[in-house]
Amino acid sequence: MELYFSTDVLLDILQRPPPSSRRRARLVCRHWRDVVDDRTTEMQSRTKPLIWDTCSVEAHVVDFSTPWKATCKRMADSDNYFRAGVQLVGTCNGLLCLYSNNKPGGIIMVVNPSTRQKLRVSPLRGAGLFVGSRRRPVGWDQAYSFGYHPITGRYKVVHVPCSFDRVCEFDAVHVLTLGEAAWREVPLVIPGAGGAKCNLNAGVVSINGATHWFTGGDSARIMCFDLQDERVISTPLLPALPAGRDRLGVAIWDGSVKTEVWVLNEERWSRWYTLRRDIPQPHFAYGEYVLTRISLSFDVHREKGRWLSGERAMSQVSKGSRGWSVAEMIGDKHCYRTFAYVETAEPLDVFRRKQLGVNTTD
């Protein structure tokens, strides 16, 4: 006879470890997943768009839990994390990874705005040898990505040695796991190919336990670096053409006014969205809502896609569909990037203790 904790006892136990451990506990069984999803604070919190101003170095959080009463508030920065030269690399579970562009191999900081905890990680020596362009004054931060693997519960910063002015070929990436003191060079083995390639203009993104980048060139592919096994594979080729939650999406602009978004789901590409409006990058889908923009105006639309016979029908947003206005920004429209953000109590002290070699338990 199998014995089970009552739901209340199980909830009391699951609320004691940090949020990252609760996310891993979701994988034990359906009952545990339901308790974590339905009875814990962080899983009940709606993911919100974080609009990052790369020019003024400010973060704005949009709350559209009630779309027609949406608010856009500047994120408080009483500890002066967002100083001149700093850029946002990425977000994971409410943690922000910041990089200082003041010099190559700059300072990397992970912060939790909700708890005001911060973790300074080791800079990558020699990073300036891998990225840059004489024709384009861009930041070193764009060769980095910040990811999380749901099974291991580990956060990792990945550096892909790319360049903006050419397609680069390389045979290793650099990885730092939060809690470790030093970067590691991870060799890449790609069957049937030489070194890995990267076109940094397409970006480097981490989602669902993997870091992805675009190879560029005639035989363009999307490379996937698994954050658990730390090995690289190439994803299936895109459909022959000139992201729901936690899925990789590729936006294809047809050169006029239409953008199609293809999403990778179980090793198969499906067209999920057709939009006749601009979409912010790199993150534009938030649950059942889609974020679009016209110049400095950001709007949210409730997606109309449906599942039919096991297949997801395509959602469409027309040029005249304004949805709900959620943010009106100022300045240069090219300064803004969007990320997924959720308030969390995820602690950073545990990673600091690991860096210092203090024994700790997950």
Inset, instruction - Find out if the SG atoms belonging to Cys335 and Cys55 lie under 2.5 Å from one another. - result: yes

Inset, instruction - Would you check if Thr338 and Tyr286 make a side-chain contact, meaning some heavy-atom pair closer than 4.5 Å? - result: yes

Inset, instruction - Taking all non-hydrogen atoms of both residues into account, name the closest pair between Tyr289 and Val300 and its distance. - result: CB-CG2, 3.5 Å

Legend entry - Close side-chain approach of Val110 and Tyr155, heavy atoms under 4.5 Å: no

Inset, instruction - Check whether any side-chain heavy atom of Arg337 lies under 4.5 Å from a side-chain heavy atom of Gln87, and answer yes or no. - result: no

Legend entry - Asp332 side chain vs His334 backbone, donor-acceptor pair below 3.5 Å: yes

Legend entry - Smallest separation among heavy atoms of Gly94 and Asn112, with atom names: O-OD1, 4.1 Å

Legend entry - Asp63 side-chain N/O to Ser65 backbone N/O, donor-acceptor pair under 3.5 Å: yes

Inset, instruction - Looking only at non-hydrogen atoms, find the nearest pair between Thr91 and Phe146 and report the distance. - result: C-CD2, 4.2 Å

Legend entry - Least distance between heavy atoms, Thr344 atom then Asn93 atom: CG2-O, 2.8 Å

Inset, instruction - Write down the atom of Pro282, the atom of Val205, and the distance for their closest heavy-atom approach. - result: CB-CG1, 4.2 Å

Legend entry - Side chain Ser145, main chain Ser206, donor-acceptor under 3.5 Å: yes

Legend entry - Main-chain N/O of Asp141 paired with Asn101 side-chain donor or acceptor, under 3.5 Å: yes

Legend entry - Neighbour count above 12 (heavy atom, 6.0 Å) for Arg184 CZ: yes

Legend entry - From Phe82, Tyr336, Tyr341, residue fulfilling ring-ring contact (aromatic ring centres under 6.0 Å, His included) relative to Trp52: Phe82

Inset, instruction - Give a yes or no on whether the backbone of Phe225 and the side-chain of Thr211 come within a donor-acceptor separation of less than 3.5 Å. - result: no

Legend entry - From Asn208 atom CG to Asp226 atom CG, the distance as rounded to the nearest 0.5 Å: 10.0 Å

